[in-house]
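Chain letters run A, B, ... following the sequence lines, proteins first and then strands; every chain starts at 1. Just so it is clear, the values below take in all heavy atoms, side chains as well, and ignore hydrogens, waters and symmetry mates.
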Amino acid sequence: MSLKFWKPGTAGPGSNLDRATEVEGNLVPSAPLYSSLSIQSQRERLPIFKHRQKLLYCVEQFGVIIVVGQTGCGKTTQLPQYLYEAGWAAEGSVIACTQPRRVAATSVATRVAAEVGTILGDEVGYTIRFEDVSSKERTRILYMTDGMLFRETLVDPLLSRYSAIMIDEAHERSVYTDLLLGVLKKIRRKRPSLRLIVSSATLDATAFLDYFTDSATPNDATIITLEGRMYPVEVAYLQEPVPDYVRTAAEVSWNINLRQGPGDILVFLTGRDEIERCLDELSEMLPTLPKNAPRLIPLALHAGLSTDEQLKVFEPAERGTRKVIVSTNIAEASVTIDGIKYVVDSGYVKIRTYNPTTALASLSTVPTSVASATQRAGRAGRTAPGVCYRLYPQAAFESLPYSTPPEITRVDMTTSILQLKSLGIDDLMKFEWVSSPPAEIVLRALEGLVAAGMIGEDGRLTPIGQQVAECPVEVGIARMLFNSKEHRCGEEILTIAAMTAVQDVFVIPEGAQGALAELERRKFTAEEGDHLTLLNAYNAFTRYGRSSGWCKSHALSFRAMSRAVSIRAQLKKYMQRFKLPLESCEGDARRLRRCLVSGYWRNGARWVADGTYRSVRGNKVLHVHPTSVLFTRKPRSGWVIFHEMEETKKTQIRILTEIEPDWLVDHGHKYDNAKKGTS
DNA sequence: GAGCACTGC
């Protein structure tokens, strides 16, 4: 092991030597809130406090304020309170603060309610999907997910109950952040009294300033930079690139353990596979660990783990031991672990991209960005000065893109465009995007919406399109829900819709446990395919008391199943609102499958002799995903519809159900006639 | 015969 690092000196975010106190989206609840200091003096010690007057002045003078601040400056908890104290929530108006993640919205709201001295849900509350802990009359500061606020624009296009809206973590550029910013710019033209605060952790924030500054509003926006509260992080690069960063990551972690002082290690890799390989490498080396070295505790962290397994990474390392947490990108922003002193960064990340020509989503491993590498390094400096080892040469760092392309430029836009149309934004090319999605993606989405009958030839929403836009599901699934009336199977379709919306229902552990899990899963297997298998699993879950113990013994994810229950309850309300009957098909699987075809008819495929399928549209070679109950079996009719298609090493289809080819032909005719205007 | 970055409504 002769890896040579050199250190170009201290870099990374911030360098203020004070303990970070900003609450973030932790999996674990934050430590006890206050010790001896009063709430007021705690608040006054935050770095943001000395900018209070300036911030309030800017909110008076400008319509849009871009706030650049590192983690720990207190912007998320303090800014809404400053506005509140200055009277921005007078006369029943509300100050909103959006977060990209649910945990962040709830934990920050809890913290702020304590600071304000109110019960959560009273003056300070939060709104996330399935949970509204706020009062329409009394809540003045409302934390919410950005998706929730975007949804609110569908009901109240001017967001008239808000006096000020803070879009937090805007640098993450989630689809909803981008849609919201676009809509908010439009709203501010009609309602200039609304104040907008865009908060971002990176210096890239000038892009937001440019976005809100144009000839129509030349002096409307300003930018304020706040200092963070982070310890310095030293950055070291490899002198030469390495062929296998997984192996190198294990070796570097090993050397840190031998040569460096106390502190846990956080390793960034791209996926579960790499994480397991890295942990294997470390385990193989463990027997050779010198007696005087700290004992290494290797731990995995990725979204596929159960809550229990994820919580393990938060347990403090015992004396004489050191944790090595090998993680996906989940530890970059979603999960914060204290006590990390060393970060090992592979420099790669897996991102989803969407190819509108083939309508294929794919997952590919790409180099990270400068912004993301900086964020990763910062994970070493939360509680003490740290070191970040980048497993690539400095020259490679310098050639990285500044930031990862925003999500909106690389995902299927069907649902987003339906929602924008519902907001009355008919000319999508005139919509002021922060970053424009590629024209091909927009066109592809429009074409799909026309084919599904959501948009008419005039480019406007059809009556059913208007209703579907309100449903929080994909368009195909919504069509299926609406068509269940005709097929008299609303009860079952509702369950299937909910189950397809959650991923990773079946838990498959490694090794022998995995084989046992496979046997458990077979108990739910329906001959017709995966949709009915999911239906069986859901019905069994509710029949046996919705318990986590039952899930564990049947290889099901309790988290996923509980989510399905919530989604089903939510969708049920929409079905009732749209007067869709909740009839049961009474075990008539044929009716159920016909209804599935009515939603998924564009996703038809035909079995061929080598065990693969050919797509009806495009004759593409499709491989069945190994989780499918049809993975090993030829469907009797030779035809299936599938829920989704994704490109990994091969093009795979997930969640399949056997159908009769005539049913597809039926829908083809209907579509054709609709296009010709004869039906 | 074999696989899944991360969110969100």
In terms of heavy-atom contacts, does [atom1] of [X] have more than 12 from other residues, nucleotides or ligands at under 6.0 Å?
X	atom1	answer
Asp273(A)	CG	no
Tyr348(A)	OH	no
Arg577(A)	CZ	yes

OP1, OP2 of [N] versus side-chain N and O of [X]: anything below 4.0 Å?
X	N	answer
Gln652(A)	dC4(B)	yes
Thr328(A)	dC6(B)	yes
Thr648(A)	dC4(B)	yes
Arg102(A)	dC9(B)	yes

Nearest whole angstrom, please: distance from the [atom2] of [N] to the [atom1] of [X].
X	N	atom1	atom2	value
His171(A)	dC6(B)	NE2	C1'	14 Å
Arg376(A)	dC6(B)	CZ	P	12 Å
Arg272(A)	dC6(B)	CZ	P	11 Å
Glu407(A)	dC6(B)	CD	C1'	8 Å
His302(A)	dT7(B)	NE2	C1'	17 Å
Tyr126(A)	dG8(B)	OH	P	13 Å
Lys350(A)	dT7(B)	NZ	C1'	17 Å
Leu180(A)	dC9(B)	CG	P	12 Å

**OP:** Report the C-alpha separation of Arg101(A) and Glu169(A) in whole Å, then their side-chain angles, then the decisive distance to 0.1 Å, and conclude whether the salt bridge (Lys or Arg N to Asp or Glu O under 4.0 Å) test is met.
**Re:** CA-CA 10 Å; Arg101(A) 278 172 295 279; Glu169(A) 312 285 1; 5.5 Å; no

Choosing from [options], which nucleotide comes nearest the side chain of [X]?
X	options	value
Lys650(A)	dG3(B), dA5(B), dC9(B)	dG3(B)
Arg101(A)	dC9(B), dA5(B), dG8(B)	dG8(B)
Thr627(A)	dC4(B), dG3(B), dT7(B)	dG3(B)
Arg352(A)	dC9(B), dA5(B), dG3(B)	dA5(B)
Pro626(A)	dC9(B), dT7(B), dA2(B)	dA2(B)

**OP:** Could you check Phe130(A) against Arg410(A) and say which one's nearest nucleotide on DNA chain B is further toward the 5' end?
**Re:** Arg410(A)

Subject >> Closest-nucleotide 5' rank along DNA chain B - winner of Asp504(A) and Gln570(A) >> reply: Asp504(A)

**OP:** Let me see the working for Arg352(A) and Glu407(A) under salt bridge (Lys or Arg N to Asp or Glu O under 4.0 Å), right down to the final yes or no.
**Re:** CA-CA 9 Å; Arg352(A) 205 184 170 78; Glu407(A) 202 186 355; over 6 Å; no

Subject >> Trace of the salt bridge (Lys or Arg N to Asp or Glu O under 4.0 Å) decision for Asp156(A) with Arg161(A) >> reply: CA-CA 9 Å; Asp156(A) 177 5; Arg161(A) 70 182 178 121; over 6 Å; no

**OP:** For the residue pair Phe150(A) and Val183(A), establish whether any side-chain heavy-atom pair is separated by less than 4.5 Å.
**Re:** yes

Original post:
Hey, does Ile351(A) reach any base, or is it just sugar-phosphate, or nothing, if we go heavy atoms under 4.0 Å?
Top reply: nothing

Original post:
Quick one, which residues of residues 141-151 of chain A touch DNA chain B with a heavy atom under 4.0 Å?
Top reply: Thr145(A), Gly147(A), Met148(A), Arg151(A)

Original post:
Quick one: do the Ser362(A) and Thr353(A) side chains pair a donor with an acceptor below 3.5 Å?
Top reply: yes

